[in-house]
Amino acid sequence: MTNTLSRRKEAFKPIRPGKVTIYCCGVTVYDLCHLGHARSYIVWDVLRRYLIWKGYIVNFVQNFTDIDDKIINKASSEKLSMEDVSARNIREFHQDMDALGIMRPDRMPRATDSLDSIRSLISNLQEKGFAYSVDGDVYFSVMKHSNYGQLSGRDLTNQYINPEGRVDKDDENKKQNAFDFALWKSAKTGEPSYPSPWGNGRPGWHIECSAMVLEQLGETIDIHLGGADLIFPHHENEIAQSETATGKKLANYWMHNGMVNVSGQKMSKSLGNFTTIRSLLNSGVSPMTLRLFVLQAHYRKPLDFTKESLEAATSGWQGLNLALNIGIDYEHILLWSKYQKGDLNITLKTNNQTPESLKKHHQRFIALMNDDLNTSGALSILFDLGRPLRSLSNKIKTGHYSKSSVQDDHSSFLRWNLLVHLAKVLGLKGENIKSQSSISSCELDVEFIEHSIELRKRAKVSKDFATADRIRNELNNIGVELFDKPGGITEWHINE
RNA sequence: GGCGGCAUGGCCAAGCGGUAAGGCAGAGGAUUGCAAAUCCUUUAUCCCCAGUUCGAAUCUGGGUGCCGCCUCCA
């Protein structure tokens, strides 16, 4: 895996054999999540699934930042409490993540529940002389930390200071150095606040993560995750705080995902170029399409979101989904349930009946995933596995299927089994797309439609294709599309 | 100005020194009265220049273009 700390690929070695501790930076719960968040959590979900699949016991912790200026602003504009806004957005977050098939983290601590450890961590830093308080604020003294900049490769003397006046002036006057950052902020009137040795106030942004890592996972963890935009200053500051307090390394591996771009620019709330996960799902984009969209690019590279790229993912997913569903959709013909499922890994290794090509696909998949989570490459294995299965389903659909030899039939089954198994490692699951025609049919006269189809059928039998096409066009005009299937069956769907 | 990253067919995208995965779109074909859907087949020498090497998309040096970070951010 590429370790941001060393900027190179390193072999992964956990602190304790067989166990992995992971901390993933979560969201600030002030609004719905957008596609950028989706990418981050899909990618880390795949990392987690893969580690579990490889046999590791993974302890995955992800926080909710539920104390923040943006939440406070939102609350005041909606005349709600900060807690109300947070609670609502945590619910929405879960709804979106569940829909995307992202496994829930083992623990999801909140800043509001971690105040004790936050306060004691700040006291610790103060006792060590790395923090100073000014009028109820407490700041971390960046210049005292000798390794500051190790993660982001920065030399503070060369950084922009207070660029374009984007930094709070009051804050700046209190700081001893422009790069010092707040550990604790005194409360302004009317703001939610919590008691502390420095007066009423609330924690700064970075300290909660340091406190939570320590409280939930210990002094040193295996992997720390987050978006590339968090490298500086967030993660740099986290390292400074944690390592000063404990004297230990915070995380052995740091992994960062690339941004989602919109016409070459980062998707973000402030630029207003974002698309929420919710609106995508509501517009009929399937969760699995979004996973495919995300996983088709390497996690560290920027990923451009366009209408075309989404359409490509949609079509791609349809094909893969077809292959994933073959054993279920055509079970009545294939009768694959007669085969023992068993342990696929053992079957692949020990059974000499297993075709070499399947073993190769399996090995290749692992090699690609081992190589810094090459999901794009791993997907190509899935498509390769799926191709013959799609052919098979086409034969069945067009009535050209005939029972193959027992051996071929069994290897088709194994192929399907392997495909479903590997897809699951990427969190991709077959979706049943049958019976969509009944969704909003209440608005339409079903009897009329079916009567029309019957009339058209008669016209077709008597080779009156002009009438047949006219009926189809008329139905099309009222939003009903007809599809002739083998065996004289006509299906209809409602067009949006 | 500092730090980091990227540049591969019409579009997206893998590739990590041994002769270009995969997806989408397009084209041709199968199927179909025609459609749609589905399946089959098929399309590149890798931004530019110089070098290292038997051999480079892959390494080195120099360009050019784009992006991220240096407020908040996944």
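Proteins come first, then strands; the chains are lettered A, B, ... in the order of their sequence lines, and each starts at number 1.
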A:Arg415 vs A:Ser357, side-chain contact (heavy atoms from CB on, under 4.5 Å): CA-CA, chis, key distance, verdict: CA-CA 9 Å; A:Arg415 176 177 279 271; A:Ser357 72; 3.9 Å; yes

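- At whole-Å resolution of the value, CD1 in A:Ile102 and P in B:rA74 are 14 Å apart.
- Rounded to whole angstrom, the span from the CD atom of A:Glu236 across to the P atom of B:rC70 amounts to 13 Å.
- Of the C1' atoms belonging to B:rU31 and B:rA20, the separation is 34 Å, rounded to the nearest Å.
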Could you write out each protein N or O paired with an N or O of nucleotides 36-38 of chain B at a distance under 3.5 Å?
residue: B:rA36; atom: N1; partner: A:Asp484; partner atom: O; Å: 3.4
residue: B:rU38; atom: O2'; partner: A:Asn394; partner atom: ND2; Å: 2.7
residue: B:rU38; atom: O2; partner: A:Asn394; partner atom: ND2; Å: 2.8

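- Looking at the side chain of A:Met267, the nearest of the listed nucleotides B:rG68, B:rA74, B:rG33 is B:rA74.
- A distance-only check finds no donor-acceptor pair linking the side chain of A:Asn325 to the backbone of A:Gly430 [under 3.5 Å].
- Nucleotides B:rG15 and B:rG22 place their C1' atoms 12 Å apart, quoted to the nearest Å.
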Contact state string [nucleotides 2-14 of chain B, B base, S sugar-phosphate only, - no protein heavy atom under 4.0 Å]: BSS-SS-----SS

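- For A:Arg458, there are no side-chain hydrogen bond (donor to acceptor under 3.5 Å, both in side chains) partners, not counting sequence neighbours.
- Within the shown strands, B:rA50 is the pairing partner of B:rU60 under the Watson-Crick or G-U definition, both distances less than 3.5 Å.
- In this structure, of B:rC34, B:rG68, B:rG22, it is B:rG22 that holds the atom nearest to the side chain of A:Ser380.
- The partner of B:rU71 is absent, by the rule that a Watson-Crick or G-U pair needs both atom distances under 3.5 Å.
- Distance check on atom P: B:rA14 versus B:rA50 gives 29 Å, rounded to whole Å.
- Residue contacts for A:Leu230: at a heavy-atom cut-off of 4.0 Å it reaches the sugar-phosphate backbone alone, with no base atom in range.
- For the P atoms, the distance linking B:rG23 with B:rU41 amounts to 11 Å, nearest Å.
- The pair A:Asp31-A:Lys70 does not meet the salt-bridge criterion, since no charged nitrogen lies less than 4.0 angstrom from a carboxylate oxygen.
- Following rounding to the nearest Å, A:Leu271 (CG) and B:rC72 (C1') show an atom-to-atom distance of 12 Å.
- Figure legend. B:rA37 is base-paired to no nucleotide; pairs are counted as Watson-Crick or G-U wobble with both atom distances under 3.5 Å.
- Considering CG of A:Leu426 and NZ of A:Lys424, their distance stands at 12.5 Å, rounded to 0.5 Å.
- Under the Watson-Crick or G-U wobble criterion, with both distances below 3.5 Å, B:rG26 is paired with B:rU42.
- In the interface, the side chain of A:Lys269 is not paired with the base of B:rC72 through any donor and acceptor atom under 3.5 Å apart.
- Here B:rC66 sits opposite B:rG5 as a Watson-Crick or G-U wobble pair (both hydrogen-bonding atom distances under 3.5 Å).
- Residues passing the side-chain hydrogen bond (donor to acceptor under 3.5 Å, both in side chains) test with A:Glu474, sequence neighbours excluded: A:Arg470.
- Taking the six-membered ring for Trp and thresholds of 30 and 60 degrees, A:Trp254 and A:His256 have nearly parallel ring planes, at less than 30 degrees apart.
- For A:Arg364, the CZ atom is loosely surrounded, since the number of other residues' heavy atoms within 6.0 Å does not exceed 12.
- Using a 4.0 Å cut-off between charged side-chain N and carboxylate O, A:Glu236 and A:Arg154 make no salt bridge.
- Nearest to the side chain of A:Asn261, among B:rC72, B:rA35, B:rC67, sits B:rC67.
- The ring pair (Phe, Tyr, Trp, His ring centres under 6.0 Å) check on A:Phe181 picks up A:Phe140, A:His206, with sequence neighbours excluded.
- Using a 4.0 Å heavy-atom cutoff across all strands shown, A:Phe465 reaches at least one base atom of the nucleic acid.
- In this structure, A:Asp229 places its CG atom 9 Å from C1' of B:rC69, rounding to the nearest Å.
- Remark on RNA chain B: of its neighbouring residues A:Phe383 and A:Asp372, the 5'-side contact belongs to A:Asp372, judged by nearest-heavy-atom nucleotide.
- With respect to the salt-bridge test (charged N to carboxylate O, under 4.0 angstrom), the residues A:Asp69 and A:Arg202 qualify.
- The pair A:Asp106-A:Arg48 meets the salt-bridge criterion, with a side-chain N (NZ, NE, NH1 or NH2) lying under 4.0 Å from an Asp/Glu carboxylate O.
- Here B:rG23 presents its C1' atom at 18 Å from CZ of A:Arg291, a figure rounded to the nearest Å.
- Look at the C1' atom in both B:rC69 and B:rA37: the space between them is 47 Å, to the nearest Å.
- Looking at A:Arg88 and A:Glu78, a side-chain N of the basic residue comes within less than 4.0 Å of a carboxylate O on the acidic one, giving a salt bridge.
- On the P atoms, B:rA13 is 15 Å away from B:rC67, given to the nearest whole Å.
- In this structure, A:Lys463 reaches neither bases nor backbone, as no heavy-atom distance under 4.0 Å exists between it and the strands shown.
- Nucleotides B:rA21 and B:rC72 have their P atoms positioned 45 Å apart, rounded to a whole Å.
- Look at B:rU32: it lacks any Watson-Crick or wobble partner with both distances under 3.5 angstrom.
- Atom NE2 in A:His235 sits about 10 Å away from atom P in B:rA74, given to the nearest Å.
- For A:Asp371, the listed nucleotide lying nearest its side chain is B:rG15; candidates were B:rG15, B:rC70, B:rA74.
- For the pair A:Glu238 CD and B:rA74 P, the interatomic distance rounds to 13 Å; values are reported in whole Å.
- Summarising the geometry, the separation between CE on A:Met97 and P on B:rA74 is reported as 11 Å, rounded to the nearest angstrom.
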Does A:Asp329 form a salt bridge (Lys or Arg N to Asp or Glu O under 4.0 Å) with A:Lys397? I'd like the steps, not just the answer. CA-CA 11 Å; A:Asp329 287 347; A:Lys397 252 181 264 181; over 6 Å; no

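- Residue-level contact check: A:Gly26 touches the backbone only, with heavy atoms under 4.0 Å from sugar-phosphate atoms and none from bases.
- Here B:rA25 is the nucleotide among B:rC16, B:rA25, B:rC70 with the atom lying nearest to any side-chain atom of A:Ser315.
- Residue-level contact check: A:Val260 touches the bases, meaning some heavy atom is under 4.0 Å from a base atom.
- Backbone-only engagement by A:Gly264 is indicated by non-hydrogen atom pairs under 4.0 Å involving sugar-phosphate atoms exclusively.
- Among the atoms of the strands shown, base atoms are found under 4.0 Å from some heavy atom of A:Arg456.
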Between N or O atoms, less than 3.5 Å apart, protein on one side and nucleotides 41-45 of chain B on the other: list the pairs.
none

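- Salt bridge annotation for A:Lys174-A:Asp137: present, with a cationic side-chain nitrogen under 4.0 angstrom from a carboxylate oxygen.
- Here the separation of B:rA25 from B:rU64, taken at their C1' atoms, is 30 Å to the nearest Å.
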